[in-house]
Asks: 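One structure coming up, written as C-alpha cells, with questions to follow.
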Amino acid sequence: MHGSVLNPSFSTFNDAQRYSYINSNDDTATRIMELDAKLQMKLGPEYISQRPGPGGGPKLTYIEGWKVINLANEIFGHNGWSSSIVNLTTDYMDSTEGYESGSPTRWNIGVTAIVKVTLRDGVFHEDVGYGTAENQRNKGAALDKAKKEAVTDALKRSLRNFGNVLGNCLYDKKYAQNIVKVKVPEVRETAKMCR
C-alpha cells in the first residue's frame, strides 16, 4: 500500500510541479528533487548479498536488513522516517517429536508480518514479509526467529517501494545479474582507534 497524508494517490516523485501543493517555496521543491535523485540511484556491489535459492535453485540477490536501515537513515535522516508493525500473524506452528525415544521436540513455525514505513512528511508505504523457523529445539526461540525474519522482510519490502537505492533495483533481473559480477572495492582502514 502506498500513500501520503496529503494525497492518497501520491506515491512517486517525478518533478517539482507535483510538489506545488506541499509548499510553493522553491527550496522545498529542490529538496524533494534531490531526494528523488538519491532514491533513483542503484545500489553498488558493496550492498548486495547472495544466498542459495529454495530447493537448490538459482541464487537470490538481496540487501541485508541492517544495510537498508543504514541507507534509510542516510537518505531520510535518523528521525526522518519510522516503521510500525501493522499486523503479525503466526501462520503455522508444528511440533515434531524425534523418532527415537527421548529425542527432543522440534518446532517449525511460519509468520507473516505487515510493516508500514512512514516519512516525516506523512508519505508511507507498507508491505508484507514472511519468516520461518525450521527444526528448532525451543518454541520461544523459534517464534522469536520467525517473527524477526518476517518483520525484517516486510521492512525491506516496504522501504524498496521508495526507490532503487533502497532495494527496488534488485527486482530488475538484468541489473541483479550484472551487479553481482562487479568486484566489491576493498575497504582500507584509515582511522586509528581512539584510546
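These figures come from a predicted structure and were not determined experimentally.
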Asks: Provide the closest heavy-atom pair for F124 versus T118 in the form atom of the first, atom of the second, distance.
Replies: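 Smallest heavy-atom distance, with atoms named: CB-OG1, 3.8 Å.
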Asks: Tell me whether K42 at atom NZ has more than 12 heavy atoms from other residues, nucleotides or ligands lying less than 6.0 Å away.
Replies: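 For K42, atom NZ is crowded (more than 12 foreign heavy atoms under 6.0 Å).
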Asks: Mind checking the CH2-CG spacing from W107 to D94? Nearest 0.5 Å is all I need.
Replies: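 Result: 9.0 Å between the selected atoms.
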Asks: Mind checking whether Q40 and V165 have side chains closer than 4.5 Å, heavy atoms only?
Replies: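 The answer is no; the side chains never approach within 4.5 Å.
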Asks: In Å, rounded to the nearest 0.5 Å, how long is the span from CG of N70 to CD1 of I75?
Replies: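 Atom-to-atom, N70:CG and I75:CD1 are 11.0 Å apart.
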Asks: Kindly confirm or rule out a cation-pi arrangement of R51 over Y62, judged by NZ or CZ under 6.0 Å from the six-membered ring centre and within 45° of its axis?
Replies: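 Yes.
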Asks: Is a donor from one side chain sitting under 3.5 angstrom from an acceptor on the other, for N73 and W81?
Replies: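 Present: a donor and an acceptor within the cut-off.
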Asks: Hey, what do you get for CG (N87) to CD1 (I85), rounding to the nearest 0.5 Å?
Replies: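 It comes to 9.5 Å.
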Asks: Under 3.5 Å, is there a donor-acceptor pair linking the side chains of E126 and S158?
Replies: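 No, no side-chain donor-acceptor pair sits under 3.5 Å.
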Asks: Assess whether side-chain contact (heavy atoms from CB on, under 4.5 Å) is satisfied between I48 and L170, documenting all intermediate values.
Replies: CA-CA 9 Å; I48 309 298; L170 298 176; 3.4 Å; yes
Asks: Using a 4.5 Å cut-off on heavy atoms from C-beta on, say whether the side chain of F76 contacts that of L166.
Replies: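 In contact.
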Asks: Give a yes or no on whether a salt bridge exists between K145 and E149, defined as a side-chain N under 4.0 angstrom from a carboxylate O.
Replies: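 A salt bridge is present here (some side-chain N lies under 4.0 Å from a carboxylate O).
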Asks: Distance check, rounded to the nearest 0.5 Å: I69 atom CD1 versus L155 atom CG?
Replies: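 Interatomic distance, I69 CD1 to L155 CG, rounded to 0.5 Å: 5.0 Å.
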Asks: As an exercise, state the distance from OG1 of T61 to CG of L43, rounded to the nearest 0.5 Å.
Replies: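 T61 OG1 to L43 CG: 11.0 Å, rounded to 0.5 Å.
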Asks: Can you check whether I63's main-chain N or O pairs, donor with acceptor, with K156's side chain at less than 3.5 Å?
Replies: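 Yes, because the side chain of K156 sits within donor-acceptor range (under 3.5 Å) of the backbone of I63.
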Asks: Answer yes or no: is there a donor N or O on one side and an acceptor on the other, between the side chain of N108 and the main chain of N135, under 3.5 Å?
Replies: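 Yes, the answer is positive, given that a donor and an acceptor are paired below the 3.5 Å cut-off.
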Asks: Any side-chain heavy atom of N168 sitting closer than 4.5 Å to one from L159?
Replies: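 Side chain of N168 against side chain of L159, heavy atoms only: no contact under 4.5 Å found.
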Asks: Is any side-chain N of the basic residue among K148 and D144 closer than 4.0 Å to the acidic one's carboxylate O?
Replies: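 The answer is yes: the pair qualifies as a salt bridge.
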Asks: Using a 4.5 Å cut-off on heavy atoms from C-beta on, say whether the side chain of L119 contacts that of F162.
Replies: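 Yes, side chains in contact.
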Asks: Looking only at non-hydrogen atoms, find the nearest pair between G65 and T152 and report the distance.
Replies: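 G65 and T152 have their closest heavy atoms at CA-CG2, 4.0 Å.
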Asks: Between N164 and M41, is a side-chain contact (heavy atoms from CB on, under 4.5 Å) present by the stated rule, with each step listed?
Replies: CA-CA 6 Å; N164 285 327; M41 293 171 51; over 6 Å; no
Asks: Under a 3.5 Å distance rule, please check whether D36 uses its side chain to pair with a backbone N or O of I32 as donor and acceptor.
Replies: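 Looks like no, no N/O pair under 3.5 Å.
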Asks: So do the side chains of M93 and K139 get within less than 4.5 Å of each other, counting heavy atoms only?
Replies: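 With C-beta onward as the side chain, the pair touches.
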Asks: Mind checking whether T90 and I109 have side chains closer than 4.5 Å, heavy atoms only?
Replies: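 Sidechains of I109 and T90: in contact.
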Asks: Output yes when K67 and E64 qualify as a salt bridge under the 4.0 Å nitrogen-oxygen rule, no when they do not.
Replies: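 Between E64 and K67 there is a salt bridge, with a charged N closer than 4.0 Å to a carboxylate O.
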Asks: Answer yes or no: is there a side-chain heavy-atom contact under 4.5 Å between D91 and T89?
Replies: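 Touching, per the 4.5 Å side-chain cut-off.
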Asks: Spell out, as yes or no, whether a donor-acceptor pair under 3.5 Å connects the side chain of R157 to the backbone of V128.
Replies: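 Confirmed, R157 side chain pairs with V128 backbone.
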Asks: Side-chain contact test, heavy atoms from C-beta onward, threshold under 4.5 Å: evaluate it for V115 versus V86 and give yes or no.
Replies: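 Of all side-chain heavy-atom pairs linking V86 with V115, none is under 4.5 Å.
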Asks: Drop me the distance from W66's CH2 to L71's CG, to the nearest 0.5 angstrom.
Replies: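 Reported value, rounded in 0.5 Å steps: 9.5 Å.
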Asks: Checking L35 against R31 for the side-chain contact (heavy atoms from CB on, under 4.5 Å) test, could you report, in this order, the C-alpha distance in whole Å, the side-chain angles of both residues, the deciding distance, and whether it holds?
Replies: CA-CA 6 Å; L35 176 62; R31 282 196 308 267; over 6 Å; no
Asks: Charged N to carboxylate O below 4.0 Å: is that the case for K116 and D127?
Replies: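 Result for this pair is no, no salt bridge flagged.
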